Amino acid sequence: MTSPQPPDFAGSIPAHRYTAALAAGIEQRWQNYWQDNHTFDAPNPAGPLADPAGVANRAKLFVLDMFPYPSGAGLHVGHPLGYIGTDVYARFKRMQGYNVLHALGYDSFGLPAEQHAISTGIHPRVNTNANIANMRRQLRRLGLGHDERRSICTTDEEFYKWTQWIFLQIYNAWFDPSISRARHINELIAQFVSGERSTASGDAWNTMTPAQKSLETDAYRLAYLSDAPVNWCPGLGTILANEEVTADGRSDIGNYPVFRRNMRQWTMRISLFSDRLLEDLERLDWPEPIKLMQRNWIGRSEGARVSFSSSAGEINVFTTRPDTLFGATFIVLSPEHPLVEALSTTEQRESVTAYIAQASTTTDTDRQDDSRAKTGVFTGSFAVNPVTNQPIPIWIADYVLMGYGTGAIMAVPSGDQRDFEFARQFHLSIVATQMPADAWFDAHHIAPSNDCSTWPSAFVGEGTYVNSANDSLSLNGQRSINDAKSLMNAWLSDRNLGEATVTYRLRDWLFSRQRYWGEPFPIVYDEDGLAHDIPESMLPVLLPELADFSPQSLDPMDSTSDPVPPLARVTDWVTTTLDLGDGPRTYRREVNVMPQWAGSCWYELRYLDPTNDQFFVDPEVEKYWMGPSSAGHTGGVDLYVGGVEHAVLHLLYARFWHKVLHDLGHVSSEEPFHRLFNQGYIQAYAYRDDRGQTVPAEEVKEQDGSFFHADEKVHREYGKMGKSLKNIVTPDEMYDEYGADTFRLYEMAMGPLEASRPWNTRDVVGMQRFLQRLWRNVIDEDTGLLTVSQDAVPEILLRQLHKCISGVAADMEALRFNTAISKLIELNNDLTQFVNSGHHAPVGVITPMAQMLSPLCPHLAEEIWALLGHSTSITFEPFPVADPRLLASETVEIPVQVNGKVRSRIVVAVGMSRDDLLAAAMADDKVTAAIGSATPTKTIVVVGKLVNFVL
RNA sequence: GCCGGCGUGGCCCAAUUGGCAGAGGCACCAGGUUUAGGACCUGGGUGUUGUGGGUUCGAGUCCCACCGCCGGCACCA
């Protein structure tokens with residue numbers, strides 16, 4: 001890294017030039033001032049941080065960043081992009097009079113800290129706190145206007161106490177489908193007691209044992225223990241949520257193999273909220289691509305449930321194409337389907353058992369590889385197709401997933417490619433229900449035929465229905481798929497053989513992890529193994545101290561060993577004596593911990609009221625900052641900025657928790673984040689030599705479009721900043737070489753906030769030069785004295801100023817900081833010209849310039865503000881307002897086109913009428929020359945814009 | 001394979017939403033200043049708007065096809 005000011009020429013640099021060293025002095029002075037004066041403390045209407053006078057008569061604004069995980073590597077220049085963006089916006093809105101809440105906490109539970117502890121033997125809390133201290137230092141130097149009082153860590157005991165409390169709210173809640181809302185579990189029990197709702201067992205509630213009652217309520221609780229198939233990752237020693245498993249069946253973190261197996265785990269019934277999570281997306285101000293990703297993830301799919309009779313009872317299948325039921329020639333069950341055992345005949349049992357065993361040890365990687373040949377086995381039993389009354393064989397295959405639909409499908413090989421391949425593989429019959437158009441046969445080079453043995457693949461699309469009739473129903477002939485579906489659904493429904501239904505891709509959320517560094521569950525088990533919640537008065541359940549952080553060591557391919565969570569080894573913690581209302585008894589604690597997502601599901605609510613020990617957030621405080629702004633508004637954070645990587649994880653989980661809290665009456669807002677903005681990523685070039693080794697990017701020189709490292713030619717690539725690519729640039733380097741204001745300005749100027757772009761350190765100097773020129777317009781570089789004059793601003797400069805004000809205000813409101821900056825540079829360039837022509841900068845320009853610069857470069861703006869003689873911070877000064885009279889110019893230049901080509905430009909009065917404009921254009925010599933003797937066939941006049949003659 | 005997003009001077013990016021292709025920064029070139037370099041000042045835009053069609057008086061912008069890059073999903077019945 002070359003230094004912009006070589007020390008041996010230090011004498012030639014004016015003493016008061018805006019250098020990195022000068023900036024550092026200014027910046028640290030104002031950072032201390034803000035801290036000492038609590039400049040950014042936002043008043044609350046109630047609770048411990050109440051300051052009603054500070055709240056009165058101001059609109060509120062809650063600006064939020066996706067909070068960081070305190071990584072040991074510290075920050076690189078890509079990390080603060082969003083934080084700077086929200087800071088600029090928050091400062092801008094403060095100047096417009098808003099009471100702005102802006103704070104930053106730390107998402108400090110998680111795997112990396114634990115893995116660090118395993119390798120070093122140092123407690124994760126020690127390492128986590130050190131990392132947080134380092135990140136706080138790096139971020140403080142950036143000059144972010146955060147309310148320090150509200151900076152929480154998810155690992156704080158007083159924070160995770162409330163994470164556990166919210167878990168208990170969810171545990172003690174059920175979903176009432178009749179009103180589509182969560183309700184307290186006691187209201188369900190009341191229904192059981194009164195008989196309004198019958199129990200699953202059919203027994204009267206009051207006659208049931210505690211174990212029976214527990215079984216009944218567990219079937220409804222929004223947090224429950226389930227024995228479902230989970231994603232077991234022996235390499236990490238834990239299970240993972242679906243969202244944490246990559247498409248190729250490996251862990252998102254660490255890239256270890258993941259296996260499907262049954263385990264008893266805490267699960268949350270997020271799937272019951274599918275419709276609300278889907279529908280309420282319409283009410284959110286979010287980027288459309290993120291909404292689409294959530295829609296795809298929820299995966300709502302309309303179809304029908306169809307019942308097939310069999311020797312083991314009814315088999316229910318889900319299909320999106322009930323109209324093809326006449327072509328269902330076999331049934332396929334998932335290997336985990338509960339009826340498999342009963343349907344397997346004696347002759348087939350051995351091969352069925354073998355297939356199930358083999359399927360259970362197959363990794364998701366293999367199972368989801370769609371290029372793999374279909375596998376499966378015949379159960380020996382048959383079902384009856386309800387429309388044809390024909391017996392059809394029942395097979396088992398792993399391409400049918402237990403977790404989706406009913407875990408069973410009706411196979412229509414003529415209309416589904418997977419079923420087609422399966423039928424071909426095992427020589428099962430294929431019956432056409434739709435005749436494709438001739439073009440389809442032409443495309444496959446075969447003669448049109450409804451004999452599917454000649455078909456090369458299944459046919460999916462609109463086609464004439466064939467072979468689709470029985471005594472009471474006929475779909476045959478030309479009709480739309482939708483009409484055919486409706487006819488079939490009605491027929492099935494009339495006979496109680498099925499009904500239209502909806503299925504979702506979204507599964508319930510696996511919520512326990514076999515780790516140490518996470519929130520303990522506020523759950524204990526009695527001697528009968530029944531779960532009990534810990535009363536609120538006993539929260540938090542503290543994470544016990546641990547001497548050895550190692551998990552049991554497992555081979556990443558060991559799919560069968562059971563996990564032993566670290567907490568299970570803390571025997572004096574696991575066994576505890578509590579009085580849960582029926583006297584002191586011995587209990588066994590839950591030894592799993594919550595996943596890292598838990599804290600981030602609600603942290604924004606704690607920012608609102610971080611020190612409240614009575615509520616997780618005071619209801620009045622929540623209503624003030626996040627309540628709906630009008631009828632039908634969802635409420636929530638006014639602006640949430642973060643990366644797109646959380647589209648279906650954090651953002652979906654947090655919405656789910658928030659909705660439960662809303663339904664139970666704890667928050668007034670229906671959604672946590674009303675407006676979402678995805679910032680882009682800053683990436684960087686990296687360089688490899690011929691051996692494929694990365695070389696330090698800062699040592700690479702460019703020459704004639706090629707790149708060299710120590711005279712050796714190297715190859716450029718583009719990627720994330722990281723150790724492995726040797727292309728990290730840190731904020732600290734930027735502070736040292738340019739200062740924080742220049743760094744902030746560069747990050748905001750390099751492109752739109754939502755765009756990803758490459759970092760280029762050598763471009764930063766442009767922003768430093770701008771601030772140097774601005775500084776030089778205010779200060780004599782040699783003496784350090786203010787040179788601003790009290791003279792009136794000349795009209796030309798005044799007009800340039802107001803044009804700038806108007807544009808910058810609009811750009812900042814729309815988060816277009818890059819164009820706001822270009823307008824400020826433009827104004828400063830105009831001002832520089834004025835100063836260079838022998839004038840001093842007028843105070844009438846410098847004052848609004850300092851105000852406009854303040855959100856972007858707050859330290860320099862504060863410094864100039866103080867030099868101008870003000871004794872209070874610029875933070876709450878009003879943002880300049882443009883004078884409309886100075887925006888409108890008197891004349892405007894209008895291009896005149898002939899046949900769409902610009903032939904001349906005429907200067908006319910603003911607001912000139914259509915006729916006058918046309919006359920002025922026709923009077924222009926160049927225009928008449930271009931038209932010549934021809935007569936225009938058409939004349940287009942756009943008032944104030946252009947004139948076009950078409951010959 | 002399906003679904004998104006993006007392609008504008010050498011580079012990062014603007015363009016009042018269909019109306020003169022250029023705001024700003026980097027780089028580059030020339031001149032000034034300077035013993036010199038850096039810094040500073042003045043001036044300079046280097047282009048088939050990814051390609052090919054279409055709509056229109058007029059297309060960077062709208063439509064269609066294709067190419068390239070990035071991202072999401074992927075045996076979801």
Side-chain angles (χ1 to χ4, degrees), chain A residues 4-6 8-9 12-14 17 19 247-248 287-290 292-293 295-297 299 301 303 317-321 332 367-372 374 397-401 403-412 415-419 421-422 503-507 644-645 647-648 681 683 702 705 718 745-746 749-752 754-760 762-767 769-770 772-773 776 781 807 810 816 818-826 829 832-833 836 893-902 904-905 936-940 942 944-951:
Chain A
Q5 276 97 25
D8 45 325
F9 302 111
S12 65
I13 295 172
R17 173 157 296 175
T19 59
D248 53 349
E288 211 44 53
I290 300 292
L292 192 64
M293 282 163 69
R295 281 188 202 111
N296 289 342
W297 191 262
S301 165
V317 306
F318 174 75
T319 176
T320 55
R321 291 294 303 274
V332 187
R367 194 157 163 175
Q368 292 185 356
D369 178 4
D370 52 8
S371 65
R372 191 173 60 119
K374 293 276 182 291
D398 64 4
Y399 79 94
V400 176
L401 309 174
Y404 183 79
T406 62
I409 63 158
M410 62 179 217
V412 183
D416 182 287
Q417 188 57 28
R418 295 155 302 181
D419 298 343
E421 287 167 18
F422 194 82
T503 287
Y504 302 89
R505 211 188 73 113
L506 181 67
R507 317 290 164 80
V644 71
E645 73 273 21
V648 289
Y681 293 105
Q683 298 192 314
E702 182 178 358
Y718 182 58
L745 202 55
Y746 174 65
M750 60 198 291
E754 67 271 26
S756 292
R757 47 260 156 97
W759 176 266
N760 231 330
R762 66 176 192 183
D763 289 355
V764 179
V765 71
M767 292 303 115
R769 287 178 191 151
F770 160 53
Q772 281 174 343
R773 283 198 299 274
R776 199 158 38 233
E781 278 195 332
R816 295 189 303 251
N818 54 327
T819 49
I821 291 166
S822 89
K823 291 177 174 92
L824 282 168
I825 294 174
E826 206 176 352
N829 288 348
T832 303
Q833 257 185 357
N836 286 341
E893 193 184 68
I894 304 276
V896 182
Q897 300 177 340
V898 177
N899 284 339
K901 287 197 172 132
V902 179
S904 182
R905 296 165 218 276
T937 56
K938 195 169 179 183
T939 307
I940 290 103
V942 183
K945 296 268 190 185
L946 97 167
V947 178
N948 186 13
F949 296 104
V950 185
L951 304 182

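Protein chains get the first letters and strands the later ones, always in sequence-line order, with residue 1 at the start of each. These numbers come from the heavy atoms of this one structure, side chains and all, not from hydrogens, waters or symmetry mates. Since this is a predicted model, take the numbers as computed values, not measurements.
Residue contacts for A:T939: at a heavy-atom cut-off of 4.0 Å it reaches no nucleic acid atom on any strand shown. Across all strands shown, A:D419 has no heavy atoms under 4.0 Å from either base or sugar-phosphate atoms. Among the atoms of the strands shown, only primed sugar atoms or phosphate atoms (P, OP1, OP2) are found under 4.0 Å from some heavy atom of A:Q833. Among the heavy atoms of the strands lying under 4.0 Å from A:S756 are primed sugar atoms or P, OP1, OP2 only; no base atom is included. Note on A:N296: nothing from the nucleic acid sits closer than 4.0 angstrom, heavy atoms only. Base contact: A:L946 has a heavy atom under 4.0 Å from a base atom. Within 4.0 Å (heavy atoms only), A:I821 reaches no atom of the nucleic acid at all. Residue A:Q897 is classed as a base contact, given a heavy-atom separation below 4.0 Å to a base.
Listed nucleotides: B:A14, B:C57, B:G25. Nearest to the side chain of A:D763: B:G25. Comparing B:G25, B:C73, B:A77 against the side chain of A:R505 picks out B:C73 as the nearest. Nearest nucleotide to the A:R757 side chain, out of B:G4, B:A77, B:C12: B:C12.
Although no hydrogens or angles enter the test, the distance criterion places a donor-acceptor pair under 3.5 Å between the side chain of A:D416 and the main chain of A:D419.
B:U33 and B:U16 have their C1' atoms separated by 41 Å, given to the nearest Å. Comparing the same atom, P, in B:G7 and in B:C11 gives a spacing of 15 Å after rounding to whole Å. Of the P atoms belonging to B:C12 and B:C75, the separation is 36 Å, rounded to the nearest Å.
In this structure, A:N818 reaches the B:A14 phosphate: one of its side-chain N or O atoms is under 4.0 Å from OP1 or OP2. In this model, the phosphate group of B:G24 is not approached by any side-chain N or O of A:T819 to a distance below 4.0 Å at OP1 or OP2.
Rounded to whole Å, the distance from CG on A:N948 to P on B:G19 is 14 Å.
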